Amino acid sequence: MTEQSSSHATNKSVHNSNTTSARRDFLYYATAGAGTVAAGAAIWPLVNQMNPSADVMAMSAIDVDLDGIEVGTRITLSWQGKPVFIDRRTQEQIALARADDAADMIDPAPDAERAERPEWLIVIGICTHLGCVPLGQKSGEQRGNWGGWFCACHGSQYDTAGRIRRGPAPRNLDLPPYTFVTDTHLRIG
Ligand code: FES
């Protein structure tokens with residue numbers, strides 16, 4: 001981590017870096033607390049010593065700048081110690097999810113209830129079976145038969161709405177509380 005980014009982290013605000021590689025595979029780690037994650041940042045290593053105590057984490061929220069996240073891109077950030085997947089879905093992915101709203105599912109839920117704004121799917125990236133982090137955030141990773149996420153631990157498959165479609169997981173990927181403060185300003189928590 002650079003001296004500059006360390007300073008930003010201390011202020012609990014993450015700003016753009018000049019790294020543009022792997023734009024489809026952005027991986028963000030926001031420190032818990034009222035942090036801000038900017039879309040232009042590339043890879044932000046988790047800095048354990050900056051984690052606050054559990055009681056602070058329980059109340060914490062993070063602000064995410066969505067500007068610059070391209071359609072078809074998935075990013076991962078950390079909120080209250082959990083990975084959160086943000087997927088800026090393509091029209092095709094949205095259509096796939098909605099076409100399956102009436103399908104026979106393990107945990108039925110219409111897509112409209114899964115994504116407040118259809119283009120933005122925001123889920124907790126923890127498999128609801130036994131807690132593994134599913135694959136599918138990085139380009140080239142397995143996403144399963146429904147194009148969402150694939151849990152390599154025991155084979156659960158999630159669709160483009162994060163709904164469980166096959167495997168031992170008992171329910172859909174959980175949704176974190178979130179609010180769109182503006183079109184490009186998301187608050188999680
Ligand atoms: Fe994901 Fe078991 S933990 S399928």
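One is the number of the first residue; the rest follow in order along the sequence. Keep in mind that this is a model prediction, so the values were computed, not measured.
Asn172 meets the side chain to side chain donor-acceptor pair (under 3.5 Å) test with Asp107; sequence neighbours excluded. By the side chain to side chain donor-acceptor pair (under 3.5 Å) test, Gln157 pairs with no residue at all, sequence neighbours left out. Partners of Phe85 under the ring pair (Phe, Tyr, Trp, His ring centres under 6.0 Å) rule, at least two apart in sequence or in another chain, are Trp149. Residues passing the salt bridge (charged side-chain N to carboxylate O under 4.0 Å, His left out) test with Arg166, sequence neighbours excluded: none. Residues passing the side chain to side chain donor-acceptor pair (under 3.5 Å) test with Thr179: none are found, sequence neighbours excluded. In terms of the side chain to side chain donor-acceptor pair (under 3.5 Å) criterion, Asp104 has no residue partners (sequence neighbours excluded).
Clustering of Ile, Leu, Val, Met, Phe, Trp and Tyr side chains at separations under 4.5 Å leaves Trp146 isolated, with no partner residue.
Pairs of residues two or more places apart, or lying in two chains, never qualify as disulfide (SG to SG under 2.5 Å) while including a residue from residues 160-189. Residues in residues 100-189 take part in these disulfide (SG to SG under 2.5 Å) pairs, two or more places apart or across chains: Cys132-Cys153. For residues 79-124, the set of pairs meeting the disulfide (SG to SG under 2.5 Å) definition, not counting sequence neighbours, is empty. Each salt bridge (charged side-chain N to carboxylate O under 4.0 Å, His left out) pair with one or both residues in residues 147-163, not counting sequence neighbours, appears once here: Asp101-Arg163, Asp159-Arg163, Asp159-Arg165. Screening residues 159-189 for disulfide (SG to SG under 2.5 Å), with sequence neighbours left out, gives no hits.
For the pair Arg88/Leu121, no side-chain contact is recorded, criterion being any heavy-atom separation below 4.5 Å from C-beta on.
With respect to Thr128, the side-chain contact (heavy atoms from CB on, under 4.5 Å) criterion is satisfied by exactly one of Pro170, Pro134, Ser156: Pro170. A side-chain hydrogen bond (donor to acceptor under 3.5 Å, both in side chains) with Arg89 is found for one member of Asp111, Thr160, Thr73 and no other, namely Asp111.
For the pair Arg143 (side chain) and Phe150 (backbone), a donor-acceptor distance under 3.5 Å is absent. Judged purely by atom type and a 3.5 angstrom limit, Glu113 has no side-chain atom pairing as donor or acceptor with the backbone of Ala109.
Remark: Glu116 CD is packed, more than 12 non-hydrogen atoms of other residues, nucleotides or ligands lying under 6.0 Å away.
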